[in-house]
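Data block below; observations after.
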Amino acid sequence: MSEANQITVAIIGGTGLNTMSGVRVVEEHVVETEFGKPSSPVFELELEEVEGKPRFYFLPRHGKPHAVAPHLINYRANIAALESLGVKKILAVNAVGSIDPKLNPKDIVVPEQVIDYTHGREASFFDGTVKPLQHFDFSDPFDASLMETIKAVSEKAGCNAIFEGVYGVTQGPRLETAAEIKRMAQDGATLVGMTLMPEAVLAREVAISYASICLIVNPAAGVSQAVITMEEIYQAVEEGMGQVQVLLKALVAELA
Ligand code: HPA
């Protein structure tokens with residue numbers, strides 16, 4: 001496991017997952033791509049607690065420190081950087097609001113579908129500018145086999161993750177209006193966040209298996225009557241990300 005090119009698993013971290021405990025930084029890979037610079041160096045990490053010390057890559061999508069707004073993230077550079085390092089599987093971590101009233105802060109949800117409400121983002125490698133135009137099937141945005149693995153590992157690790165849901169991706173950085181969330185609920189969205197797209201489709205375009213592990217950090221606008229505060233979001237992140245890390249480490253141990 002000493003060759004960097006043997007590492008095939010990457011975690012893309014979002015809000016609240018800029019660092020991980022129990023891991024050693026082996027190297028920081030500064031990668032340039034034809035689409036520009038990724039959000040930060042790609043961290044090569046070693047899972048110290050697990051036999052064989054499996055290695056994986058970690059890329060904080062908002063940069064380190066957390067400073068890049070969701071609509072300004074260079075998603076193409078992030079995915080191209082991971083591809084150039086030989087990554088075959090991406091575990092994306094997303095902090096989200098809940099639209100479905102059955103879901104609660106600190107729940108971990110692995111969604112099955114996506115609705116993209118974003119605009120103006122560079123959403124394809126193959127848009128006819130840098131690479132020739134191509135169209136891709138995206139009926140099922142997440143990799144079925146990776147989701148099966150997440151389910152099995154989550155059960156074994158006692159993580160109680162929920163395996164259903166539709167992630168509606170909004171532009172940000174502002175949160176939504178209550179009317180926008182009502183419309184999204186009518187569309188079938190059960191979760192709302194700002195970062196899943198175009199990350200998921202770019203991974204598909206370069207044949208990297210991709211699945212998202214969402215941590216609910218607030219009820220979405222109008223779902224509860226209360227104003228959404230950053231304090232409640234950070235509290236849920238702080239209290240919930242520990243369990244997400246348990247799941248991620250068990251997954252790296254299984255997949256790496
Ligand atoms: N809306 C959009 N993105 C989010 C939210 C939300 O309520 N919570 C965390 N990310």
Side-chain angles (χ1 to χ4, degrees), residues 11-19 39 59-73 75 78 90-121 123 141-142 161-162 164-201 210-245 247-248:
I11 294 172
I12 301 183
T15 302
L17 192 75
N18 248 13
T19 51
S39 302
L59 178 58
R61 68 166 76 77
H62 294 284
K64 205 169 179 188
H66 182 116
V68 188
H71 64 299
L72 299 178
I73 291 170
Y75 293 95
N78 285 355
I90 291 176
L91 301 166
V93 179
N94 304 86
V96 297
S98 55
I99 299 178
D100 179 345
K102 292 196 299 294
L103 298 172
N104 296 298
K106 294 187 273 172
D107 283 349
I108 298 174
V109 183
V110 177
E112 293 174 320
Q113 276 294 335
V114 177
I115 303 176
D116 188 1
Y117 298 93
T118 67
H119 50 86
R121 300 183 183 191
F142 301 114
I162 297 162
E164 60 177 32
V166 179
Y167 183 136
V169 195
T170 55
Q171 183 73 353
R174 69 166 176 86
L175 300 181
E176 300 69 36
T177 66
E180 286 167 341
I181 292 296
K182 200 168 168 188
R183 184 187 75 163
M184 290 173 73
Q186 282 160 5
D187 288 351
T190 60
L191 308 166
V192 56
M194 304 172 189
T195 49
L196 194 79
M197 289 291 282
E199 200 174 270
V201 73
Y210 181 102
S212 159
I213 296 172
C214 295
L215 176 69
I216 296 182
V217 294
N218 61 284
V223 172
S224 101
Q225 293 318 305
V227 171
I228 302 167
T229 65
M230 287 307 115
E231 287 70 32
E232 72 170 300
I233 290 183
Y234 289 129
Q235 191 180 340
V237 162
E238 187 146 335
E239 292 174 7
M241 238 2 128
Q243 191 69 350
V244 172
Q245 287 201 27
L247 178 55
L248 289 172

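The analysis underlying the following values was restricted to heavy atoms, covering all of them including side chains, and did not include hydrogens, waters or symmetry mates. Order of appearance sets the numbers: ligands from 1, and atoms from 1 within every ligand.
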Give a yes-or-no answer on whether the side chains of Glu239 and Gln235 include a donor-acceptor pair shorter than 3.5 Å.
-> yes
Give me the pairs of N or O atoms, one from ligand 1 and one from the protein, that sit under 3.5 Å apart.
| from | atom 1 | to | atom 2 | distance (Å) |
| --- | --- | --- | --- | --- |
| ligand 1 | 1 (N) | Glu176 | OE1 | 2.7 |
| ligand 1 | 1 (N) | Glu176 | OE2 | 3.3 |
| ligand 1 | 7 (O) | Asn218 | ND2 | 3.0 |
| ligand 1 | 8 (N) | Gly97 | N | 3.3 |
| ligand 1 | 8 (N) | Asn218 | OD1 | 2.6 |
| ligand 1 | 10 (N) | Ala95 | O | 3.3 |

When you look at Glu180 and Arg174, which way does the salt bridge (charged side-chain N to carboxylate O under 4.0 Å, His left out) test go after all the steps?
-> CA-CA 12 Å; Glu180 286 167 341; Arg174 69 166 176 86; 2.9 Å; yes
Would you say the side-chain atoms of Arg61 pair up with the backbone N or O of Pro70, donor to acceptor, closer than 3.5 Å?
-> no
Just checking, any donor-acceptor pair under 3.5 angstrom between side chains of Ser98 and Asp100?
-> no
Side-chain donor or acceptor of Ser224 paired with backbone N/O of Pro219 under 3.5 Å = no
Any luck finding a side-chain donor-acceptor pair between Glu112 and Tyr167 under 3.5 Å?
-> no
